[in-house]
Amino acid sequence: MSNSVGQNLIQQHFLRPTVLEHQSKLKGSSGIASNSLCATASLNQSLAQPRKYQISTKFYGNSLSKRKHKLAMGSQRPLAFIPQAVLATDPASENLGKFNIDGNIELQVDASAPTSGSITNVNFRVMYTSDSLLLHWGAIRGSNDKWVLPSRQPEGTRNHKNRALRTPFVKSGSSSYLKLEIDDPQIQAIEFLIFDEARNKWIKNNGQNFHVKLPRRKTLVSNISVPEDLVQIQAYLRWERKGKQMYTPEQEKEEYEAARAELLEEISRGASVDDIRSKITKKSGQEYKETAINEEINKIPDDLVQIQAYIRWEKAGKPSYSPEQQLREFEEARKELQSELEKGASLDEIRKKITKGEIKTKVAKQLQNKKYFSPERIQRKQRDLMQLLNKHAVKAVEESISVEVEPKPLTAVERFAKEKELDGNPVMSKKIYKVGEKELLVLVTKPAGKTKIHLATDLEEPLTLHWALSEKDGEWLVPPPAVLPPGSVSLEKAAESKFSTSTSGDLPKQVQCIEMEIADGNFKGMPFVLLSGGKWIKNNGSDFYVEFSQRFKQVQKDAGDGKGTSKVLLDRIAALESEAQKSFMHRFNIASDLMDQAKNTGELGLAGILVWMRFMATRQLIWNKNYNVKPREISKAQDRLTDLLESIYTSHPQHRELLRMIMSTVGRGGEGDVGQRIRDEILVIQRHNDCKGGMMEEWHQKLHNNTSPDDVIICQALIDYIKSDFDISVYWKTLNENGITKERLLSYDRAIHSEPSFRRDQKDGLLRDLGHYMRTLKAVHSGADLESAISNCMGYRAEGQGFMVGVQINPIPGLPSGFPDLLRFVLEHIEDRNVEALLEGLLEARQELRPLLLKSTGRLKDLLFLDIALDSTVRTAIERGYEELNNARPEKIMHFITLVLENLALSSDDNEDLVYCLKAWHHSISMCKSKSAHWALYAKSVLDRTRLALASKAETYQRILQPSAEYLGSLLGVDQWAINIFTEEIIRAGSAATLSSLINRLDPVLRETAHLGSWQVISPVEVVGYVEVVDELLSVQNKSYNRPTILVAKSVKGEEEIPDGTVAVLTPDMPDVLSHVSVRARNCKVCFATCFDPNILADLQAKKGKLLRLKPSSTDVVYSKANLNLAPLFMHYSSEVKEGELVDSSSSNLKGDGPSVTLVRKQFVGKYAISAEEFTPEMVGAKSRNISYLKGKVPSWVGIPTSVALPFGVFEKVLADEANKEVDQKLQNLKKKLGEGDFGALEEIRQTVLQLRAPSQLVQELKTKMPTSGMPWPGDEGEQRWEQAWTAIKKVWASKWNERAYFSTRKVKLDHDYLCMAVLVQEVINADYAFVIHTTNPSSGDTSEIYAEVVKGLGETLVGAYPGRALSFVCKKNNLNSPQVLGYPSKPIGLFIRRSIIFRSDSNGEDLEGYAGAGLYDSVPMDEEEKVVVDYSSDPLINDGKFQQATLSSIAGAGNAIEELYGSPQDIEGVIRDGKVYVVQTRPQM
């Protein structure tokens, strides 16, 4: 495996000595030279070898190759290359050939006669009138007539299938010119053809290749020697100049000799060796100390220098060296040996000292510490987790729909089809063919017991249908007379029927049509062609064919209106599906054609493509239907599609998550003609292993006809079968586990009937060849296969065999240092049973990749597929590692959670909440390790928040994907079960499901450690009732139960009403203890509790319909089957009453004739605005009066905001104003509808109230009162600001008619018309924190204990329906400096606002005796609050003990002071800004 990716980061192939003849004998299996430093198996063994080879100076410390080879070494001195030469001062140009082709094309080739070491210039001139000429060429070396491809190539040259080079000519006048530079002295001739690309014409030499011999090189008169270190540097510079390509050993040797030739040419021109050294070392960025060449240095053999360099590298911790560092290390090793030589040691003595490790070596300390990982575990880099943050503004669903292009009007043929579809018969298939500029419809419907075929076209010429019926493919049978349309003629094997003009008057133009009705029986289809004006009309040269069977699944009628989808795109996909079914090539090309439309539609357009591709990948759509296609055509289509996806990934970063998901379903596609290799290699496997018949031949035919992702599974099944010693059950097990049944194998156009059957002597060869073949298959079909993804990024080369083409994938340049080592580590540990180290390696690799994925690069697609594969491997590794966590300590489970959460964050677009959860988990681990007393309590809050983040992600997927799955799935006839679970399966396939499983495993551990138990009891009331199970409390809040009911509700948000007849609400959800629904439960004496244990919850749900008794304490709920004999404690019933008729009187929430609440209608007192000093019961509600009462009476450190109010009666006065006459009339009509039971009128009333105009006197009075009370007048900032304020006031008035408030007043028979609404106006304090205090603990009823909850930002997240828990604490009134935290916050959202004004509801229906109306009506700020995702890990209230104690104590102190002021328990709301406490309202605690 490692050899498939085993190549160097920077291809340091040129740091080698003179003699290379033996190198090929030291290769690894990958074809990469293995005689590197780190490939040395044993120095002692190496030194004992008698053979004396020159060795390389290169380091392979950053190689992925695992295999180590023994290295032969000796003391042979370096050989000098000493050519005999005669220098020609001015080489003359030599004519190599002049050719006349076809009498009008003239070609002339000439070349310069080179000196030794110089470049041969070959010049071409063609007299031919074309500007698209290419030279298709190669070089001839020695007696071998096979073309070699020189490494020195003119600009614009392309490699053609690794067989030839193609270089463009330059057009000038009537001629085209080209110059080649040949620097390889062994090249003797050039062979070529000329190709006119525009005319697709080859220019040949009498049908043969052109062949021109190059002039022979002349020799020098003197001996010239080039030092080997200079040749090495020059070779490196050439390699760097050519883009750091991957070379074969043969190409390395060519490059090395070409570098030598370049230096010899410099010397022949008069340059000294010192001149050359100065020049090229300056180019390579090295700082060499200029010294005279010391003859003694040359006495140190290079093999000893390399061994010493290896020892230095080992002692340094085997770091990854750059080429420059390698050269420096080599010279340091040479200096160390030279020092020994100068001390008088002989070479033999030095060799013995090296063997014993006695040569003193100085290695920089930082190198010793630079180990990237140990063999067992990597060392992860310390990173700022905030660098993971992705925040992209994605348009809302509604906006996405609005950008779609309006659908084109239906054509006449489409209108005809629509009419027929409305007949009520099931539609089996529909296809519209293009006939020139016209259309042909083929529609198949299914009346009872029959099949009906409708053909229609807008062709204007008279038309005849030449048709037949068939019982199998390719058959033409004459139709029975009973099915022939009137006027038909029977022929020998067919019939002919005339089209007639449609009688429909609704079509935009004339349509010809014909219908046939076939009784159900043996006929499977209908072949046909058309005849018009003596000409046959066919389907791309073939017969048309109508299939009767239900392979195209019945189109469902309930596709819906496509709301929440990119409907126009999905309709287009559905119309093209029958074409897409032909092959993967067709499907991918159609998808490519639709990508612009999808991109322009935005999120929903890409979601539509994903849904379509996912239906394909899960085999819900037909993969291949009566169409043969070459594998390379499939891979080319894949390439085209994935290139487009890559482009959108770069240009639309807000959609990257969707694009990654699409790419993972499509697969990578081929490069280097890898698609064609699928076809070629199966033949080679058959030939090499003598398995040309049976199953292998059937598979071969399928592969040739239409390869698919199934082939990866079939190949794996064959490998497993062979490895199991030919156990055929293993073959079927692999197939079946991956969704391939015998029926599926038989369903292919080229069916696989046989089982595999091999001989034992074929085992090794088949395992080898099928293993290689698997990489080819995965390269095309697998988007998430790790090994092939790594190979494509790190580069590989596969030689062609026989007629096969070769493949060369170059490594991606610019990868991070040490990255190949990291990938090697991953591959070496991929099957480890203990997966922790593997997970760390996978995540480190993804983190290293991330910066490259955020910018556009030439090979971004390959990097994306690598990242997708790493992501997928994390999930499979975690699932394999569950066993590792069975008895694990909490910190290990939390560590695993951080790894999976990091993986999820790396794959998510809008990941701010996930990143803050990740930071909080790291903080939890730190608290756990430091044995903090509250670590489990804090970790539980992080766990709860993570759950909310996962739920939010699932809801987002559901919103974006599920509507498209339902609409498109219905159009395409996808199985309903597959549609229903579509989004669920997407979620299950990702890290979110894995993360959910891990936190479920940790939850009971944390609850036990933090002594939280299985329940949080919010309202402890003992009750008896019948169990009912609902999804959402919101969905039943207006319902009335006619018997005492215990509701088990999966979702409770916090703002719901509790339905009549409910005695208990039990939920796994986590509403705040002081939320509206919690307060309502306590006021109505309804048992309300959160259950954390899923097993207990499941048991309660299983008791649906049973009569239970609930006995709660402050921390637990005990439930048991109720006994009628015990019921008198909780019930009132007569001896005749039956169990099913029990009515519980312990709860005031039961429906009945309880006392109604009386309101007094308030009157307008002549003022539109009043100051706080004027607040009286006749003018404002308790909210305004209480805040006015507090001013000047609370301690000075408690702030009270200034206030004004719009008193009772102002709304009615404004409504009666002449300017609002029409609004008043509309409102009266709507109230009448409401009185008649039309509750839909509530929304209409609220919208009507917003149409009110403000009387000028109201504006003037507010303008006066607000500044005199210390508040800014909004109108000072412009008319628009006043309009914002006026709208907020109207929204407060309109909230009188919100659903929750309206039904609550009806429940207590409160006269809704008598309810009046004052508006309290206060300046908003932009809070750091907001709090709610109950001065008597509401859960336990303990009057000595204050209970409070705190959130970041404004208090709306606390009292409104915002998910998650607030920070909660209790504090004894006799010890206010010792607050005790009960729970840490899990709310992901905080609300913040600019300096603004808030308008608070203050009705006469709040805080009445027997009715708690507080919280029913709205308070509306003038400006919209900003939702901010909260990071608690950096919040001092969480991680600063002193700050926390001071803040919570001040909150408790304020509550205690206000309770003492009123002399009764209080419900208090307030905020903290810059450490100061402000109280914004108080009311009696209910």
Side-chain angles (χ1 to χ4, degrees), residues 87-219 242 254 258 261-262 265 805:
L87 179 62
T89 57
D90 184 19
S93 179
E94 183 177 323
N95 191 297
L96 302 183
K98 196 168 185 178
F99 308 88
N100 273 300
I101 305 109
D102 297 337
N104 60 349
I105 303 174
E106 185 177 301
L107 167 65
Q108 182 173 323
V109 186
D110 54 45
S112 61
T115 60
S116 177
S118 71
I119 294 169
T120 302
N121 293 315
V122 185
N123 298 297
F124 298 80
R125 178 189 176 201
V126 184
M127 299 282 290
Y128 180 58
T129 56
S130 174
D131 56 2
S132 60
L133 294 184
L134 294 174
L135 187 72
H136 181 90
W137 64 287
I140 302 298
R141 184 187 293 148
S143 59
N144 190 348
D145 60 358
K146 183 180 178 182
W147 286 14
V148 296
L149 308 183
S151 56
R152 191 178 188 117
Q153 303 161 7
E155 188 175 348
T157 299
R158 301 196 309 265
N159 184 311
H160 182 66
K161 299 183 178 181
N162 284 337
R163 296 172 176 174
L165 299 175
R166 286 188 171 179
T167 305
F169 280 82
V170 176
K171 186 81 164 63
S172 178
S174 60
S175 299
S176 296
Y177 298 87
L178 174 62
K179 182 173 82 171
L180 303 180
E181 294 180 342
I182 306 300
D183 59 3
D184 183 348
Q186 296 185 31
I187 291 177
Q188 298 177 359
I190 299 294
E191 278 198 357
F192 61 92
L193 300 168
I194 297 174
F195 181 52
D196 186 344
E197 197 168 30
R199 301 174 187 174
N200 195 26
K201 177 181 178 181
W202 288 97
I203 301 173
K204 299 183 179 181
N205 184 19
N206 295 322
Q208 303 295 321
N209 295 344
F210 293 96
H211 182 99
V212 293
K213 291 184 178 180
L214 300 184
R216 297 187 66 178
R217 296 174 180 264
K218 299 176 183 178
T219 56
K242 293 183 177 184
E254 291 171 18
E262 288 179 348
E265 183 175 8
V805 296

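Predicted model only: the values in this text are computed from it and were never measured.
- With rounding to the nearest 0.5 Å, the separation of CD1 in Ile105 from CD1 in Ile203 is 4.0 Å.
- Residue pairs satisfying the ring pair (Phe, Tyr, Trp, His ring centres under 6.0 Å) criterion with at least one member in residues 153-180, sequence neighbours excluded, are listed as follows: His136-His160.
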Please walk me through it: do Ile194 and Leu135 pass side chain to side chain contact (heavy atoms under 4.5 Å, CB included)?
CA-CA 5 Å; Ile194 297 174; Leu135 187 72; 4.2 Å; yes
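- Between Lys179 and Glu155 there is no salt bridge, since no side-chain N of the basic residue sits under 4.0 Å from a carboxylate O of the acidic one.
- Remark: Asn121 engages no residue in a side chain to side chain donor-acceptor pair (under 3.5 Å) (not counting sequence neighbours).
- Checked options Ile190, Leu180, Ile187, Thr157; the residue passing with Pro150 is Ile187 (criterion: side chain to side chain contact (heavy atoms under 4.5 Å, CB included)).
- Atoms CG and OG, from Leu107 and Ser175 in turn, are 11.0 Å apart once rounded to the nearest 0.5 Å.
- Taking both residues in full, the closest heavy atoms of Ala189 and Lys213 are given as CB-CA, 4.0 Å, listed atom of the first, atom of the second, then distance.
- In terms of the ring-ring contact (aromatic ring centres under 6.0 Å, His included) criterion, residue partners of Phe210 (sequence neighbours excluded) are, by chain and number, Phe99, Phe192.
- Distance check: Gln108 CD to Glu106 CD gives 7.0 Å after rounding to the nearest 0.5 Å.
- With rounding to the nearest 0.5 Å, the separation of CD in Gln153 from CD1 in Ile182 is 9.5 Å.
- Between the side chain of Asp184 and the main chain of Gln186, a donor-acceptor pair closer than 3.5 Å is present.
- Residues satisfying the side chain to side chain donor-acceptor pair (under 3.5 Å) test with Glu181, not counting sequence neighbours, are Arg152.
- The nearest pair of heavy atoms linking Phe195 to Lys201 is CD1-O, 3.3 Å.
- Counting only heavy atoms from C-beta outward, the side chains of Leu193 and Asn209 approach each other to under 4.5 Å.
- Between atom CG of residue Leu134 and atom CD of residue Glu197 there is a gap of 4.5 Å, rounded to the nearest 0.5 Å.
- Between Arg163 and Leu149 there is no side-chain heavy-atom pair separated by less than 4.5 Å.
- Ser132 is linked by a side chain to side chain donor-acceptor pair (under 3.5 Å) to Ser130, Asp196, counting only residues two or more places apart in sequence or in another chain.
- Considering all non-hydrogen atoms of both residues, Leu178 and Pro168 come closest at CD1-O, 3.7 Å.
- Side-chain contact check for Leu133 versus Val126: some heavy-atom pair is nearer than 4.5 Å.
- The closest side-chain donor-acceptor pair between Glu191 and Trp147 falls under 3.5 angstrom.
- For Tyr128, the ring-ring contact (aromatic ring centres under 6.0 Å, His included) test picks out no residue, with sequence neighbours left out.
- Closest non-hydrogen pair, Lys204 versus Gln208, comes out as CB-O, 3.6 Å.
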Decide yes or no on side chain to side chain contact (heavy atoms under 4.5 Å, CB included) for His211 and Ile140, but give the supporting numbers first.
CA-CA 9 Å; His211 182 99; Ile140 302 298; 4.2 Å; yes
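- By the side chain to side chain donor-acceptor pair (under 3.5 Å) test, Asn159 pairs with Asn162, sequence neighbours left out.
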